[in-house]
Amino acid sequence: MLSATARAFGTRALPFCRTTARRSFARGMSTSEPDTSVVDTCQQKIKAALDADDVKVTGAYDDPNGSHISIEVVSSKFEGKRPVQRQQLVYKAIWEELQGPVHAVDAMICKTPDEA
């Protein structure tokens, strides 16, 4: 039997499958070591990609595996870059995490060593 929404749009609702849900969740997880939190992984990747002097990544409500993070970075690679270009460099460093466990970056502060 079709729901009213399904009848209206001519689609059928698929039954919920626990196995599929578990697989989807597992695909969204980072490929990093199991003992490393998402926050630690992001911090390491940003530091390595930008040769950063200082990197601070915090999860929302201080949750190390939270889906929302805030980032502060000090790197000489930001010299001569506009704010959007600086943010793009950071997003590029954590792109894999943004495809899975990290849902959003709530705040990002990108400074050069002279600005810090």
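Model, not experiment: these values are computed from the prediction.
The backbone N or O of Thr41 sits nowhere less than 3.5 Å from a side-chain atom of Glu97 that would complete a donor-acceptor pair. Using modelled atom types, one side-chain atom of Ser75 and one backbone atom of Leu50 make a donor-acceptor pair closer than 3.5 Å. A donor-acceptor distance shorter than 3.5 angstrom exists from the side chain of Gln85 to the backbone of Arg82, with no hydrogens or angles considered.
Heavy-atom minimum distance, Val57 versus Ile71: CG2-CG1, 4.3 Å. When all heavy atoms of Lys77 and Leu89 are compared, the pair lying nearest together is O-CD1, 4.2 Å. Scanning both residues, Ile46 and Ala93, for their nearest heavy atoms gives CA-CB, 4.1 Å. Cys110 and Val90 get closest at one heavy-atom pair: SG-CG2, 3.9 Å.
Separating the CG atom in Leu98 from the SG atom in Cys42 is a distance of 7.0 Å, to the nearest 0.5 Å. Here the CD1-NZ distance, from Ile94 to Lys45, works out to 9.0 Å after rounding to the nearest 0.5 Å. Atom CD in Gln88 sits 10.0 Å away from atom NZ in Lys92 (nearest 0.5 Å).
Legend: salt bridge (charged side-chain N to carboxylate O under 4.0 Å, His left out) pairs involving residues 48-57, not counting sequence neighbours: none detected. Annotation: salt bridge (charged side-chain N to carboxylate O under 4.0 Å, His left out) contacts involving residues 107-116, sequence neighbours excluded, comprise Arg86-Glu115.
No chain of hydrophobic side-chain contacts below 4.5 Å, direct or via other Ile, Leu, Val, Met, Phe, Trp or Tyr residues, connects Ile69 to Ile109. Linking ILVMFWY residues whenever their side-chain heavy atoms come closer than 4.5 Å, directly or via other members, leaves Val74 and Met108 in distinct clusters.
Within the 4.5 Å cutoff, side-chain heavy atoms of Val38 are placed close to those of Val102.
Scored by the side chain to side chain contact (heavy atoms under 4.5 Å, CB included) test, Ala107 finds Ser70 as partners (sequence neighbours excluded).
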